[in-house]
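I have placed the structure first, in the form of structure tokens, so that the comments after it can refer back to it.
If you're wondering where the values come from, they're calculated on a predicted model, not measured in any experiment. Excluded from the calculations below are hydrogen atoms, water molecules and symmetry mates; all remaining heavy atoms, backbone and side chain alike, are included. Numbered from 1 within each chain, the chains take letters A, B, ... in sequence-line order.
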Amino acid sequence: MKISFPHMGYSYLALKWLVENTGHECIVPPEPSSRTLDLGVRHAPEFACIPFKILMGTYLEVAEKGAEVILTSGGMGPCRAGLYWVMHQYILDELNTGVKVVAFEPPLCDLKDFIKKLRWVRKTGGLSVKEFVQAIRITWEKIKAIDEVEMLSHEIRPYETNRGETTRRLWQALEMLDAANNEAEIKDAMQEGLKLLQEVSQDHSRNPLKIGIIGEIYVVLEPAANHYIQIMLGEMGVQTDRSIYLTSYTRKNTIVNLEGDIFEVAKPYLGEAPIGGHGANSIGETILYARHGFDGVVQLAPFACIPEIVAKSIIPTVTKDYGIPVLTLFIDEQTGKAGVQTRLEAFVDLLEKRREVKAKRGIERLVI
Amino acid sequence: MSKIGIPRTLAYFIYFPFWKTFFEELNQEVIVSSPTTRDILDDGVREAVNDACIPIKLYHGHVAELASKVDYIFCPRLVSVRKHGDFGTETFCPKFLGLPDMVRLAMDNLPEIIDVRVDLKQGKDELLNVCYQVGDLLGKPEVEIKGAYQRALLIQKRFKKLLSQNMMPEEAIDILFANGERKSLLSRPDLQIAVIGYPYAIYDDYINGRILSLLEKENVKVYTQDMLSDKMMNRQARNLPKSMFWYFSNRAVYGALHFMQQKNIDGIIHITAFACGPDSIVDRLLEIESRRHGQIPYLSIAVDEHTGDAGVRTRVEAFLDMLRFRRDKS
Ligand code: SF4
Ligand code: SF4
């Protein structure tokens, strides 16, 4: 079968490998472009959120390229994301594309259905159970390795002395990972990639601002949707930490996972969780970043994203209590790169001033 | 005796008889905000986060109207009212889930907010537990609370019965509590139309450009999803790849699908809230389904703070003309 899937950051490299190594042909989803968005906007409901529109465009693009099946995730609500596939299928049918969307509902909700769909993918590809499990394991290793190099790149970028070097090396590292075909190769490629990044020429006398990136999963994970915000900030000399990685849940070393139940952290401000999407997380994460001495937080939210709106209405109180500034960027089809850049620059300015003021106060205190 | 304020919007149209009875049985005075006015709307727009949808802003406006007049605002956190949906996790739009927090953080000088968590999918006696919590807050003994609860259930049942006799909620409320009389039915309606949407959009006359009165004047018989029994509606779940996650949205979708299958229905009007998240799905889904159901005429009207009577009137009149033309032709 010709299989495709949503484009979300660099994970497509691993998913491509999975499709190709389970006996199928992969129609690699292109990175979302203005054409993707145009297509999506034309065919999606006007008030669908931006992730829905970008995915709609992506699906139409892969349909043009001959995709027969799109694998994606379902969900149990309470937000719209779990119903995306239903609507996408309705619209793909209306347009007579002949594409079938197969959504994996969370196994905790419907294990039978989950297994049934997995078996279908396996059988149509002609793999044995053992081979299939192995392929999934390797894919997971790949995703972890991809996250690993990306994380390091965001740590290093603010120190780079040659603008753009970190990003160039990140591409190199990803290419190496793309070519790796088994666990050993992935490990080697990752080590080499990490080394490449560490060898970026750096100026460690800098003391970069630290900004946490929070918000709705798709716009946080897909750089093409958020105008490469982490790279942009990095090149402004800011270190960023992102609250969501596909492999976050298995990690022990990330800030957001350090402190146990994020909903508990958010509880004093939001009596109910989850409220869908990452709404409750956004509140909890703001608090965690504040506690970890971050200078500020950027909240990325699709325009009219309900959970993030709820979060946004509560965040000012968190800002007051914890003294951490939060910039909310609502992203829609009209959001341009220049606009994002200007707002980020202003925000970074503000954070720098705050730091100076704080430092001065510190010195005064010392003098007294 | 305390004064309990109930905003006349959102879930008001489905649960008011229950809670009014419950509070009054406990010797409290229930004060309802007035039907929506320009002032209420303006207050809401001013108080709420500006990215909120109109119904949520409106809710803030109704709370503002009540704030100085009451001791408590009844603003329960509606999490679920039944176990339903593909995974049994049906809930409410996320804005309902965060409603008490939003109101509290957005507005100053509020009286105490009764924000009990209503999560009825937990079990059969859950509503009684909710009542115990509310009653306890008012310092009432358990026996009294239980009595009030039983009485409230009874009245709510009557309310539902009236709705199932094709009555609108306000009319039924009038009959239950103010000795109102049943409006006479249209003797020979010209057209029969199903008006679908969230109760707070279709029954709030101000916000939707008085569409129901307009239809009545045009001699149209109106049905809404709230006139159907749960059983009739839930049957429709089978016709969908997946149910919606939200109670009110499921009701709208099931109701619309039901009416699309009825021979006597000439057309469907979906009243949707401008920029409503769930409705971005519901509306397109219904549009496509109405095409699949033999091209049944479908009109979608989005309400926002600028919905004027005039704009709505023009669109509805054009729709009715089209329906009449269609009918006369066949
Ligand atoms: S979380 Fe936001 S972006 Fe995602 S489905 Fe919900 S409203 Fe849309
Ligand atoms: S369902 Fe729509 S109209 Fe209702 S509260 Fe949610 S976003 Fe607003």
Distance-only polar pair, side chains of B:T272 and B:D283, donor-acceptor under 3.5 Å: no
Neighbours of chain B found in residues 314-335 of chain A - heavy atoms under 4.5 Å: A:I314, A:T317, A:F330
Salt bridge present between B:R291 and B:E287 (N-O < 4.0 angstrom): yes
Aromatic ring proximity, centroids under 6.0 angstrom, A:H43 and A:Y59: no
Can I get a per-line list of side-chain donor-acceptor pairs under 3.5 Å for residues 102-112 of chain B, giving both atom names and the distance, sequence neighbours left out?
unit_1: B:R104; atom_1: NH2; unit_2: B:D115; atom_2: OD2; d: 3.2

N-O pairing of B:R82 and B:E90 below 4.0 Å: yes
Top of B:I56, B:T89, B:I288 for chain A proximity - count of heavy-atom pairs under 4.5 angstrom: B:I288
Let me have the donor-acceptor pairs involving side chains of residues 95-105 of chain A, under 3.5 Å, with sequence neighbours excluded, atom names and distances please.
unit_1: A:T97; atom_1: OG1; unit_2: A:L92; atom_2: O; d: 3.0
unit_1: A:T97; atom_1: OG1; unit_2: A:V99; atom_2: N; d: 3.4
unit_1: A:E105; atom_1: OE1; unit_2: A:G75; atom_2: N; d: 2.9
unit_1: A:E105; atom_1: OE1; unit_2: B:K242; atom_2: NZ; d: 2.9
unit_1: A:E105; atom_1: OE2; unit_2: A:W85; atom_2: NE1; d: 3.1
unit_1: A:E105; atom_1: OE2; unit_2: B:K242; atom_2: NZ; d: 2.8

Residue B:S249 versus chain A: region with a heavy atom under 4.5 Å: neither
Residue part contacting chain A, namely of B:R284, when any heavy atom lies under 4.5 Å: both
Partner chain A: residue of B:G85, B:P241, B:C276, B:G98 with the largest heavy-atom pair count (under 4.5 Å): B:P241
Which atoms of B:C53 approach chain A - backbone, side chain, both or neither, heavy atom under 4.5 Å: neither
Carboxylate-amine/guanidinium contact B:R46 B:D43, below 4.0 Å: yes
Ring pair (Phe, Tyr, Trp, His ring centres under 6.0 Å) involving B:Y298 - partner list, sequence neighbours excluded: none
Which atoms of A:A311 approach chain B - backbone, side chain, both or neither, heavy atom under 4.5 Å: neither
Separation of B:I40 CD1 from B:L58 CG (nearest 0.5 Å): 7.5 Å
Charged N-O contact under 4.0 Å between A:K112 and A:D110: no
Proximity breakdown for B:F245 and chain A, heavy-atom pairs closer than 4.5 Å: both
Option in B:W246, B:F274, B:F96 with maximal non-hydrogen atom pairs under 4.5 Å from chain A: B:W246
